[in-house]
Trainee: 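Dumping the structure here so I can ask a few things about it.
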Amino acid sequence: MSNEKREAILLVGGRGTRLAPLTDGIAKPMLPVGGVPFIAHQIAQAQAAGVTRIVLATSYLAQTFTDYFGDGSDFGVQLVYAVEETALGTGGAIRNAAEFLSGTPDSSVVIFNGDVLSGHDLPGQIKAHDSANADVTLYLTKVKDARAYGCVPCDQSGRVLDFLEKMENPITDLINAGCYIFKRSIIDQIPANQVVSVERETFPKLLKSGANIRGFIDNSYWLDVGTPQALLTASRDLVLGKISSPAVINKINDSVISPSATIDPTAKISGGSTIGEKVKVEAHVEIIGSIISAGVQISANSQIKNSILGRAAIVGHSAQIIGSVVADGEKIAENTVLRQEISLF
């Protein structure tokens with residue numbers, strides 16, 4: 001691999017229905033987390049592990065990715081886009097994106113699931129894959145309660161023994177954490193232009209055929225960012241340093257504030273909050289542990305706590321927004337109290 005470009009595929013085609021209404025006008029992986037689009041963290045993680053070329057497997061609102069990331073040169077990688085006209089499932093998306101890879105059949109390809117934030121040792125996973133001459137190496141992590149996930153038992157040497165669907169009494173606490181390394185030739189075996197699940201079809205089929213599938217166990221930070229509360233938790237953890245990412249910039253004390261935001265000196269911003277581009281915050285506003293998207297206007301004496309405000313939302317004078325999600329462009333009247341209480345685990 002040393003003479004070749006290290007390549008990756010980033011699966012970012014999902015609709016993100018659990019994050020509606022935030023995802024009505026923006027693709028889930030483009031939502032702001034830690035002050036930048038969520039996938040900026042995955043691109044930075046890949047780049048830090050020596051990946052130089054990434055294929056973004058897009059579908060829903062594909063243009064939003066191109067508009068922000070372009071050819072990737074500003075982010076230190078080469079980006080190309082594989083657009084799915086119809087959703088093809090994880091395996092189908094990987095196969096579709098593989099048309100844009102340039103490596104040899106023996107080259108290894110990193111594959112990221114577009115809604116997982118992880119601090120795992122990606123260079124270590126790549127190294128383990130190459131040294132075992134594996135067909136696929138899965139990043140696995142331990143969870144307290146594996147019932148909500150499919151689990152992946154391994155033998156002493158790290159070889160995967162089975163892929164088990166969700167069950168009431170899981171036989172292991174190891175789960176598939178959503179980052180794979182594939183040998184390129186294995187990807188080419190996935191049927192083209194078909195809906196295929198890599199978890200339910202590709203992996204079990206490979207095991208049956210005797211393929212060398214390895215588990216790379218890493219218990220660092222891991223979070224599936226599929227709900228508003230998980231999005232908020234991920235954002236705060238990035239800002240507060242519970243997980244580090246080279247993509248976190250513009251940090252001021254314990255918050256991230258865009259240089260183009262206008263903040264009144266009497267406003268208080270804390271608790272891992274992020275303030276997006278061209279946000280306007282008036283006098284005596286208090287913002288705690290919240291995501292404030294680009295173009296939001298917050299009038300004087302308002303309080304925003306544990307909440308996500310969509311792009312260009314307008315908050316009236318003395319409003320209170322607690323544990324709530326406000327859609328893009330929504331107007332919150334003065335003196336309104338919004339209290340949905342996003343549960344934070």
Side-chain angles (χ1 to χ4, degrees), residues 8 10-20 22-23 26-49 90 110-125 138-152 166 170 172-180 198-199 215-248 251 254-256 271-274 288-291 293 306-308 323 325 341-345:
L10 191 41
L11 301 173
V12 288
R15 175 77 201 248
T17 44
R18 289 183 296 166
L19 283 160
L22 294 169
T23 47
I26 188 168
K28 175 173 70 170
M30 291 300 294
L31 288 170
V33 175
V36 292
F38 177 68
I39 62 159
H41 301 292
Q42 292 176 310
I43 290 171
Q45 186 185 22
Q47 201 252 355
T90 44
V110 181
I111 296 170
F112 287 94
N113 191 325
D115 45 17
V116 168
L117 179 65
S118 93
H120 85 284
D121 177 11
L122 180 56
Q125 185 185 357
L138 291 90
Y139 157 39
L140 305 177
T141 195
K142 285 184 180 171
V143 290
K144 283 200 181 89
D145 184 355
R147 284 177 303 177
Y149 308 93
C151 61
V152 185
K166 295 174 189 176
T172 176
D173 54 3
L174 285 176
I175 64 159
N176 172 0
C179 178
Y180 319 120
V198 78
E199 301 85 357
F216 178 79
I217 300 165
D218 187 316
N219 293 315
S220 325
Y221 186 101
W222 179 84
L223 186 63
D224 175 349
V225 187
T227 62
Q229 56 263 45
L231 197 77
L232 208 45
T233 299
S235 190
R236 296 202 294 217
D237 287 352
L238 280 158
V239 176
L240 297 172
K242 287 187 184 171
I243 171 173
S244 69
S245 166
V248 175
K251 203 168 160 191
D254 66 351
S255 299
V256 162
S273 295
T274 62
I288 305 163
S290 295
I291 294 173
S293 303
N306 297 347
S307 294
I308 303 173
V325 173
E341 294 299 349
I342 292 176
S343 64
L344 288 164
F345 292 64

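FYI, side chains are in, hydrogens and waters are out, and symmetry mates aren't considered; it's all heavy atoms of this structure. Along the sequence shown, residues are numbered consecutively beginning with 1. Because the structure is predicted, anything quoted here is derived from the model rather than measured.
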Trainee: Keeping the roles fixed (side chain from Gln45, backbone from Leu117), state whether a donor-acceptor pair exists under 3.5 Å.
Mentor: no
Trainee: Less than 4.5 Å apart, any side-chain heavy atom of Leu31 and any of Phe38?
Mentor: no
Trainee: Quick one: CG on Leu231 to CG on Leu22, what's the gap to the nearest 0.5 Å?
Mentor: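 Here the rounded value is 7.0 Å.
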Trainee: Give a yes or no answer on whether the side chain of Ser290 reaches the backbone of Asn306 with a donor-acceptor pair at less than 3.5 Å.
Mentor: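 Yes, the answer is positive, given that a donor and an acceptor are paired below the 3.5 Å cut-off.
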Trainee: Give me the atom names and distance for the closest heavy-atom approach of Cys151 to Pro170.
Mentor: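 What the structure gives for the nearest pair is SG-CB, 4.1 Å.
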Trainee: Given side chains that start at C-beta, do those of Ser273 and Val239 come closer than 4.5 Å, heavy atoms only?
Mentor: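 Heavy-atom side-chain distance check fails, nothing below 4.5 Å.
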Trainee: Do Leu140 and His120 have side-chain heavy atoms sitting under 4.5 Å apart?
Mentor: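 Not touching, per the 4.5 Å side-chain cut-off.
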Trainee: With a 4.5 Å heavy-atom cut-off, do Val248 and His41 have their side chains touching?
Mentor: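 They are in side-chain contact.
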Trainee: Do Trp222 side-chain atoms and Ala177 backbone N/O form a donor-acceptor pair below 3.5 Å?
Mentor: yes
Trainee: Let me confirm one number: the OH-CG distance from Tyr139 to Asn176, rounded to the nearest 0.5 Å.
Mentor: 10.0 Å
Trainee: Taking the side chain as every heavy atom from C-beta outward, state whether Asn113 and Cys179 have any atom pair closer than 4.5 Å.
Mentor: no
Trainee: Look only at the side chain of Thr233 and the backbone of Gln229, and say whether a donor-acceptor pair between them is shorter than 3.5 Å.
Mentor: yes
Trainee: For Gly289, is there any backbone N or O sitting under 3.5 Å from a side-chain donor or acceptor partner on Arg236?
Mentor: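 Yes, the answer is positive, given that a donor and an acceptor are paired below the 3.5 Å cut-off.
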Trainee: Keeping Asp115 on the side-chain end and Gly226 on the backbone end, is there a donor-acceptor pair under 3.5 Å?
Mentor: no
Trainee: Any non-hydrogen side-chain atom of Thr141 less than 4.5 Å from a side-chain atom of Ile175?
Mentor: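 Sidechains of Ile175 and Thr141: in contact.
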Trainee: Calculate, to the nearest 0.5 Å, the distance between atoms CD and CG belonging to Gln42 and Leu122 respectively.
Mentor: 10.5 Å
Trainee: So, does Asp173 use its side chain to make a donor-acceptor pair with the main chain of Lys144 at under 3.5 Å?
Mentor: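 Side chain of Asp173 to backbone of Lys144, a donor-acceptor pair under 3.5 Å: no, none is there.
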Trainee: Please answer whether the main-chain N or O of Lys142 pairs with a side-chain N or O of Asn219 as donor and acceptor at a distance below 3.5 Å.
Mentor: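 Side chain of Asn219 to backbone of Lys142: a pair is present.
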Trainee: Between Thr172 and Val152, is any pair of side-chain heavy atoms under 4.5 Å apart?
Mentor: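 Contact flag for Thr172/Val152 side chains = no.
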